[in-house]
Colleague: 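Here it is, the structure, as structure tokens.
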There are 2 protein chains.
Amino acid sequence: MTTAAEIDSTHQRLKPAEVRTMIRNGALSMPTTGFSAGFMQGNLAILPEAYASDFLRYCVRNPKSCPVIGVGEPGDPSLPDLGDIDIRTDIARYRVFRDGEFEREVDDLNGVWRDDLVTFVLGCSFSFESALLRAGIDLPHIAAGRNVPMYVTNIETRAAGPFAGPLVVSMRPFSAADTIQAVILSERYPLAHGAPVHIGDPASIGIADLGKPDFGDAPILADGQVPAFWACGVTPQMAIRHARPDLAITHKPGFMLVTDMLSEALPSATARPTAGNTAGR
Amino acid sequence: MTTAAEIDSTHQRLKPAEVRTMIRNGALSMPTTGFSAGFMQGNLAILPEAYASDFLRYCVRNPKSCPVIGVGEPGDPSLPDLGDIDIRTDIARYRVFRDGEFEREVDDLNGVWRDDLVTFVLGCSFSFESALLRAGIDLPHIAAGRNVPMYVTNIETRAAGPFAGPLVVSMRPFSAADTIQAVILSERYPLAHGAPVHIGDPASIGIADLGKPDFGDAPILADGQVPAFWACGVTPQMAIRHARPDLAITHKPGFMLVTDMLSEALPSATARPTAGNTAGR
């Protein structure tokens, strides 16, 4: 009999290319949490080229909520910087938006893709959460199998063209000592939202009731714990809704792009030309 | 009698807005090294909107050589994220390029500005060099009043649209112990090119003769020192020449944009909405 722990272990050991091939062939359709341990997973945003410049400027102006780890060429579904990827098929579940409104979910983009689409991949919080767990810091929402609570704040992001809106944050509670550690450890992962944007009083960033998140599940908060708030990948999704492009595509939350990028590689290494690029020159 | 040291000290204490006002009024026209100590200075690149999306994608793909600290709106010469700036007048000396070729230098952009131009400001090496000096690490080119030596490498940057070309590096030599410190200290300033891209053997990145840099002045290298190579802000200038836009504008080397951004503020703080943005909400 195969136990859940054995399945988990198998998932962790699968190479990113193996996970993507299974997804591409329709053999895997589930959230990617726990797959390909040690490799970055990414949030997806696909937009028409007419919106691409404004959206990229929005991301550059708001790097804590929108850490860009990959950008495709207009009309090109490949992402060579992140692996051997066809973005039309290599995520298990997509969400399609028309004029800023949710239209439907699809398993691939073969009937949706257009020659003017530009793909953006943004880092997600998995790498910094792994670092906290390795340091012995408890993340109660993971232990409880819940989604992290997310809140719309009264902090405006920096707008770019039609992209604008509030900063959305995720919340994780810690003891004071662990809060200090969490600040230091998460700052090491700027492509995974980096250090918190706020700690302590929820009201001062416009959160009226910590018990009622705008997205995700209700928090598990013990006495004396300090809530710590991180910039969240839902922020760009709200900016996209605000911009109302005729077509926008995202992943279904939890169904991420599994990339070949190592989580522990320094962020600067994403800019380091590889030996392979220079051979023979 | 006013000594050079007193003049230097005055320069250091000028606020960025004071420096920019003097430049705007034509009262100051010299390299900005040493002005407004503690504030970030930036490299300038201005391009037509038709090239802006490709260039920003180029920067995002090559963040070590092209760390974006500000982007203007198309046709808008202000840069509110970096201070009360009119980019047409607030740099002392500009260089104008037509179809990728140098045309002339000008003192302001009033006769050059167009409604389709987009301004990019990229971080420069000043902040990490200051950090090395404060840690007691000698930078011989500064002591000698020379420019840092710069070299074209055999490493290709990641292209985006028409923007492509080799990585250009600057070189600073250290003892082995100081090289280790320099790696650690410079990594803290990702908006100032971050950690080196290479240390040691120049030939392995395509530099045939360390004594003959492609830009800047010849190096001052002592026996037993290790050359350390950083991604350099000349890289995007070569990519712009490669793209051959009908119009491109840069600063004259050394005549930088003095911004209100504090050098020691964490890079992530550039994404942190300020209290001023949220007042009254």
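Since we're looking at a predicted model, the values are computed, not measured. A, B, ... follow the sequence lines: proteins, then strands. Residue 1 opens every chain.
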Colleague: Return yes when atom CG of A/Asp115 has more than 12 non-hydrogen atoms of other residues, nucleotides or ligands closer than 6.0 Å, and no otherwise.
Modeller: no

Colleague: Quick check: do A/Pro74 and B/Arg57 have side-chain heavy atoms less than 4.5 Å from each other?
Modeller: yes

Colleague: To the nearest 0.5 Å, tell me how far A/Asp81 CG sits from B/Arg61 CZ.
Modeller: 5.5 Å

Colleague: When heavy-atom pairs shorter than 4.5 Å are enumerated against chain A, which of B/Glu49, B/Glu73, B/His193 gives the highest number?
Modeller: B/Glu73

Colleague: With respect to B/Leu56, which candidate in A/Val68, A/Val60, A/Val71 satisfies the side-chain contact (heavy atoms from CB on, under 4.5 Å) definition?
Modeller: A/Val60

Colleague: Just wondering, more than 12 heavy atoms not from A/Leu185 lying within 6.0 Å of its CG?
Modeller: yes

Colleague: Output the option from B/Ala52, B/Gly72, B/Ala160 having the highest count of non-hydrogen pairs under 4.5 Å with chain A.
Modeller: B/Gly72

